[in-house]
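Written below as structure tokens is the structure these notes are about.
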2 protein chains.
Amino acid sequence: MSRLRIAPPPGLLPPLTEACPGHAGRQKVDCGTCQVRHLAVCSALSPEETEEMERAAGQLQLAPNELLVRQGQARIHVYSVTSGTLRTVRLMADGRRQVTGFLLPGDFIGLSGSAVHALDIEAVTASALCRFSQQDMRQLRTRFPHIERKMLERAFGELDANREYVVALARMSPVERLADFLLRLSARHARLGQDTPMLVLPMGRSDIADHLGLTVETVSRSFTKLRQQQLIALHGVQNVELLDRERLGALVHQGEA
Amino acid sequence: MSRLRIAPPPGLLPPLTEACPGHAGRQKVDCGTCQVRHLAVCSALSPEETEEMERAAGQLQLAPNELLVRQGQARIHVYSVTSGTLRTVRLMADGRRQVTGFLLPGDFIGLSGSAVHALDIEAVTASALCRFSQQDMRQLRTRFPHIERKMLERAFGELDANREYVVALARMSPVERLADFLLRLSARHARLGQDTPMLVLPMGRSDIADHLGLTVETVSRSFTKLRQQQLIALHGVQNVELLDRERLGALVHQGEA
DNA sequence: CGCATAGTTGAGTGCTATCAAATTACGTGG
DNA sequence: CCACGTAATTTGATAGCACTCAACTATGCG
């Protein structure tokens with residue numbers, strides 16, 4: 001638990017200040033340094049309270065593919081992603097693999113009631129995180145009800161997102177799933193202030209495949225199909241240009257009566 | 001918002017008193033009457049506070065297939081299921097249907113951050129619910145932090161469950177999904193005090209199919225396969241006897257390293 | 001008792017996984 | 001900066017499994 005004044009993290013600095021609903025009207029703050037500070041400010045804590053939160057936090061750097069936690073480990077820490085991208089992975093004994101989600105800057109790791117981690121969490125790209133002990137977090141939650149409220153909102157948000165994800169997995173074709181994924185990722189980037197039609201995919205095809213319940217080959221073919229339909233353009237393998245969000249959305253939102 | 005002294009609900013009376021972790025060591029309470037009372041007691045509220053909660057609640061009865069809320073409606077109420085079974089349904093324009101979950105006694109409806117309902121909620125069997133306005137609920141949450149904590153725990157629980165569900169949808173064969181579903185439903189019944197090898201399925205095959213991302217035919221064939229392998233026995237269409245939980249579990253938990 | 005609905009079983013097709021190969025991207029060392 | 005080797009991605013051919021369509025059976029209700 002070291003005193004914080006965290007060095008500027010590598011990678012993009014998300015201007016979360018703007019995006020956070022709880023932040024409206026409050027003083028500007030340097031959210032690039034540490035998500036803890038952001039969380040505190042957005043929870044309407046005083047400067048003194050914010051400092052107390054920061055005291056409880058440690059920081060962490062991960063290289064690509066480095067493991068943060070392993071399935072089955074005791075959950076003694078919670079984390080806040082500062083920069084980079086991580087994936088949450090469920091492995092089955094026979095090798096089947098499911099990437100249940102990707103974690104971007106501002107995301108919180110620890111919205112679970114389980115005593116052990118249900119998932120591996122691995123860095124996709126070089127990443128930085130803030131770390132709290134569960135114990136400290138519990139104290140902070142008790143001490144600052146705003147934090148608890150904030151966590152509840154986050155949990156709600158994840159639940160809402162998860163319901164969409166479930167529909168995609170259960171009822172959409174490969175191309176639809178990919179379109180859904182690209183739009184969803186793009187929306188998250190937009191919330192982080194990167195609102196461009198050019199989307200950078202930090203993860204490889206196999207991560208995407210395992211996230212969408214498909215094989216690498218099918219994902220690749222789906223990219224090709226979207227490209228052939230002029231819905232996206234590929235600039236290298238990482239950079240996807242969303243040419244027609246309208247029609248991409250139409251692929252996905254066959255729904256909501 | 002009528003004063004409550006709710007008539008004994010139809011259907012089974014879940015002895016939730018025992019199951020709730022927050023309840024340990026506290027005085028017994030008649031949880032059969034209304035889940036609100038249960039929630040209050042399990043949140044360690046005083047009798048006066050409990051009464052205040054009950055005052056804010058209304059009750060509701062639903063006939064089979066009756067609609068509680070429709071996709072897109074404003075979310076002005078939250079609910080607690082007292083008896084019966086409900087399903088949450090996502091409909092797509094072209095008719096594709098996903099049953100994202102089933103709600104059993106003790107379940108809470110309203111763990112969402114959205115301003116509108118993302119799902120239809122329909123009664124599978126005759127059901128009874130307690131209803132609160134969101135507004136009242138928010139007040140109660142602010143007034144009794146225990147409630148907020150409880151909701152967070154519930155949200156965590158749902159998130160954890162959802163992650164399992166996602167793996168089933170994305171990576172399991174039809175037979176595995178069905179085995180997973182049966183065990184999961186059985187576990188929920190066990191938590192409600194119905195810990196028997198005989199499982200009653202309140203929902204029809206098409207609901208199960210749409211929950212597991214399959215067709216009715218495939219679900220039916222999967223039942224047959226499980227029966228042929230002596231893992232289950234069917235007594236009529238509704239009653240499933242779990243003959244070998246061990247091997248059923250083995251089908252599912254190919255996983256966790 | 002007859003009809004309507006729900007569930008099971010069967011046959012055939014299509015889509016996605018699988019297997020295999022070619023191509024591209026990338027990091028390393030010359 | 002380029003050549004090389006490795007890994008990642010794309011493309012192609014094939015096969016298996018779940019969906020579709022269809023018929024049949026069981027269940028429930030008037």
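Chain identifiers are assigned alphabetically (A, B, ...) following the order of the sequence lines, protein sequences preceding nucleic acid strands; residue numbering begins at 1 within each chain.
- Partner B:Asp207 forms a side chain to side chain contact (heavy atoms under 4.5 Å, CB included) with one of B:Val99, B:Val219, B:Leu212 and no other, that one being B:Val99.
- With A:Leu242 as the fixed residue, the side chain to side chain contact (heavy atoms under 4.5 Å, CB included) test singles out one of A:Leu248, A:Leu226, A:Thr196: A:Leu248.
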Step by step, would you call B:Arg188 with B:Asp107 a salt bridge (Lys or Arg N to Asp or Glu O under 4.0 Å)? CA-CA 10 Å; B:Arg188 291 174 74 183; B:Asp107 286 339; 2.5 Å; yes
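- Rounded to an integer number of Å, the gap from CG of A:Asp207 to P of D:dA7 is 17 Å.
- Two end axes, each from the C1' atoms of five base pairs, can be drawn for the helix from C:dC1-D:dG30 to C:dG30-D:dC1; they diverge by 40°, to 10 degrees.
- Remark: P of C:dG7 and CG of B:Leu226 are 17 Å apart, rounded to the nearest angstrom.
- Using a 3.5 Å distance cut-off with no hydrogens or angles, the side chains of B:Ser112 and A:Arg163 do not pair a donor with an acceptor.
- Classification of the A:His211-A:Tyr165 ring pair by plane angle, with boundaries at 30° and 60°, yields parallel.
- Distance, A:Leu201 CG to D:dT9 P: 10 Å, rounded to whole Å.
- Taking atom CZ of B:Arg177 as the reference point, atom C1' of D:dC19 lies 13 Å away to the nearest angstrom.
- When every heavy atom of A:Thr82 is checked against every heavy atom of A:Pro105, the shortest pair comes out as O-CB, 3.4 Å.
- Regarding A:Gln238, its CD atom lies at a distance of 18 Å from the P atom of C:dT24, rounded to whole Å.
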Counting primed atoms, P, OP1 and OP2 as sugar-phosphate and everything else as base, the B/S/- map of nucleotides 8-21 of chain C against protein heavy atoms under 4.0 Å is BBBB----SSBB--
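- Between the side chain of B:Asp160 and the backbone N or O of A:Gly113 there is at least one donor-acceptor pair closer than 3.5 Å.
- Counting only N and O atoms by type, the side chains of B:Arg245 and B:Ser186 include a donor and acceptor under 3.5 Å apart.
- Between the C1' atom of D:dA18 and the CZ atom of B:Arg96 lies a distance of 16 Å, rounded to the nearest Å.
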